[in-house]
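Below is one structure, written out as structure tokens; the observations come after it.
All chains are named by letter (A, B, ...) in the order of the sequence lines, taking the proteins before the strands, and each is independently numbered beginning at 1. Heavy-atom basis, side chains included; hydrogens, waters and symmetry copies ignored.
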Protein chains: 2
Amino acid sequence: MGVSLKDVALRAGVSVKTVSNVVNDYPHVRAGTRDRVQRAIDELGYRPNATARQLRTGRSGIIALAVPELGNPYFADLATAVIDAAAHHAHTVLLDHTAGLRANETLVSQGFRSHLIDGLILSPIHLEREDLLHRPARPPLVLLGEREYDAPFDHIAIDNVAAARLAVRHLLGLGRRRIAFVGARRDSRRQPAHLRLRGWREELLAAGRTPREDLVIATDGYDRLDGAVAMTRLLDLPEPPDAVFAYNDLVALGALRVLAERGVKVPEQVAVVGFDDIEDGRYGAVTLTTIAPDKAAIARLAVDRLIARIEAAPERTPPPPRRILPGHTLVVRESTAGRAPHRT
Amino acid sequence: MGVSLKDVALRAGVSVKTVSNVVNDYPHVRAGTRDRVQRAIDELGYRPNATARQLRTGRSGIIALAVPELGNPYFADLATAVIDAAAHHAHTVLLDHTAGLRANETLVSQGFRSHLIDGLILSPIHLEREDLLHRPARPPLVLLGEREYDAPFDHIAIDNVAAARLAVRHLLGLGRRRIAFVGARRDSRRQPAHLRLRGWREELLAAGRTPREDLVIATDGYDRLDGAVAMTRLLDLPEPPDAVFAYNDLVALGALRVLAERGVKVPEQVAVVGFDDIEDGRYGAVTLTTIAPDKAAIARLAVDRLIARIEAAPERTPPPPRRILPGHTLVVRESTAGRAPHRT
DNA sequence: CTGAAAGCGCTTACAG
DNA sequence: CTGAAAGCGCTTACAG
């Protein structure tokens, strides 16, 4: 079917070894030989067969990225950044979505399709530590996101507690006294959002205030609808909050929608802070104040770390797994700062 | 390193052929033999090497999907749907983004990484017909989206002209008389959006109205920012429009943001219709009326068609390429219908 | 600097 | 119903 090394070798009158040397830029090839081989390659339109190379070398040049859902712009942005970072290392990205389900996350982490990929970047939601315990050493795994595991894997995530405290401090600075947290889980044993919730608690305590647990709203997921449902409940409280810190921007946007529906003024009556800095937050009728994780840094660090493990010689002891903390910033917009007067 | 067929064969006391037969569910294997082999497989933890299988069969089980950008929720949704549809055929999806650049789109269509993939689904923006002309027959290609090419490839897209006419008809039915189109291109030779623009023109003419070309606004891209810039220009016109039909929802959302900023009432003063039905449009302060393409159908049809070509016997003449038109609907929301009174 | 040959782990005619 | 063997297209010690 296709043109193989052998065809090129025949045409150039050399062995396949020499052709292989030329194709892989092996330095010690005589210039004349190289030219002759190159000409044969061009004439025949030869292109190396990646599969055969992979079978021989054990490397595919593919890394997998598994996120809960691409429908969340945060993960779409992250995926884009990972694809770009991988391209820098001449790697391609195979994308998986887990729907945040523990079973899917476990399957992926256990090496589903592992023969096809050199490494895996996984952003888990409901995966538990024990799901990770009997994982084979290959392909290497880098974890992303808020969930922390006492397990020997690199983990790239911003400091969620510090970021949450920054958000709550901002709201306290605006004089807000009833600050709700939206995005806890009903099941107290499983708290994917526990770090952001902890930050909310810590900052309130540090300010000498008692965290009001009735202002902690559990949600089913982390989508706009969850934020809308939670906000409705909060507004129906005898004493509604004057601020909302949402687990993420989608939840915050759902809350903003309900506030608009009910005619509640933002930020005058209720201030809102999200988390992720997705683009939607910059274009609503009220733009959204949010925590902006450095997504490019997250992607770059994750890919760099993964590639380093992929390329590590198997006989040497690998570097110990690390927690790496990319930066984050608070981006203040209308949902806490109010709107500049109309340009008319 | 890993456990191979040979190891299993040795342990089960059969030939590799028999193990292969069991692994691939070849029917004619004696039950006793099958059990013995299965036990050996389980004990050794054997898992087939996909790379070796691919080298032998020429099939990887991977299809590539190339979209302009994942940051547009429409493409994120589409990618999700394609991943699901591919999973039905036991295929995995390799994701590429082209940034809508002709060079990237050409590279992908010409078979970049073609040894790794069984087929390609491409949603082009600026690709031209000539870029497609000297494409090798393999891997098969299915095209998506508004751009039409007089080239022998399957093409899955909703009827963009009919959909645009539906949107404009809706606005006309609301009594709007100055209906702008936002999302044309400056360069008149390259009009990715030409079908939706044509629909705008045709429906106005059919209603006995003259399309006002000064209400056709060119944009650099199809993002929120482009919609915001365009809306600003429209509002600064001596006689601003009373309705906007946007190329897509992102552009429409950018326009809505500017309308809110300027204190223009939607839909009373300006009604807005988008295109794509992304989730953001359902949660703004003013929800967005839009054309909803049947994304699941698009993904399913594209994958089905691609898999059929992948599995077609190479010696038989392949089925002729087809244009397939999945359905679409108009979803009416507040940006044209107004808001229901507050629930208080 | 270059060649002949083994082998990565499968699948698949070809026999029996 | 099962086995022995070739071969997919590479890379890479091993020679020379």
**Message:** Test of understanding: with side-chain hydrogen bond (donor to acceptor under 3.5 Å, both in side chains), list the residues that count as partners of D304(A), not counting sequence neighbours.
**Reply:** H89(A)
**Item:** Under the side chain to side chain contact (heavy atoms under 4.5 Å, CB included) test, residues paired with Y26(A) that sit two or more places apart
**Value:** N21(A), H28(A), V29(A)
**Message:** Going by side chain to side chain contact (heavy atoms under 4.5 Å, CB included), name the residues that satisfy it together with L10(B), two or more places apart in sequence or in a different chain.
**Reply:** none
**Message:** Rounding to an integer number of Å, can you tell me how far L55(A) CG sits from dC10(D) C1'?
**Reply:** 8 Å
**Request:** Answer yes or no: is there an ion pair linking R147(A) with E128(A), defined by an N-O contact shorter than 4.0 Å?
**Result:** yes
**Message:** Going by the rule side-chain hydrogen bond (donor to acceptor under 3.5 Å, both in side chains), which residues pair with D84(B) if we only count those two or more places apart in sequence or in a different chain?
**Reply:** H97(A)
Side chains of residues 71-83 of chain B: which donor-acceptor partners sit under 3.5 Å, not counting sequence neighbours?
from	atom 1	to	atom 2	distance (Å)
N72(B)	OD1	Y74(B)	N	2.9
D77(B)	OD2	K295(B)	NZ	3.2
T80(B)	OG1	A76(B)	O	2.9

Please tabulate the protein-to-nucleotide N/O contacts below 3.5 Å involving nucleotides 1-5 of chain C, giving atom names and distances.
from	atom 1	to	atom 2	distance (Å)
dC1(C)	OP2	H28(A)	ND1	3.1
dT2(C)	OP1	T33(A)	OG1	2.4
dT2(C)	OP2	R30(A)	N	3.2
dG3(C)	OP2	S15(A)	N	2.9
dG3(C)	OP2	S15(A)	OG	2.9
dG3(C)	OP2	T18(A)	OG1	2.5

**Request:** Return the set of residues passing side chain to side chain contact (heavy atoms under 4.5 Å, CB included) with L107(B) (not counting sequence neighbours), or none when no residue passes.
**Result:** F112(B)
**Asked** Is any side-chain N or O of S20(A) closer than 4.0 Å to OP1 or OP2 of dC10(D)?
**Response** no
**Request:** Identify all stems in which DNA chain D takes part, counting only runs of at least 3 consecutive pairs (Watson-Crick or G-U wobble, each distance under 3.5 Å), and give each as one range with another, ordered by first number.
**Result:** C:1-3 with D:14-16, C:5-12 with D:5-12, C:14-16 with D:1-3
**Prompt:** Residues in salt bridge (charged side-chain N to carboxylate O under 4.0 Å, His left out) with R11(B), at least two apart?
**Reply:** E43(B)
**Message:** How many whole angstroms separate atom CG of L5(A) from atom C1' of dT12(D)?
**Reply:** 13 Å
**Fill in**
Separation of dC8(C) atom P from D7(B) atom CG, nearest Å, is 10 Å
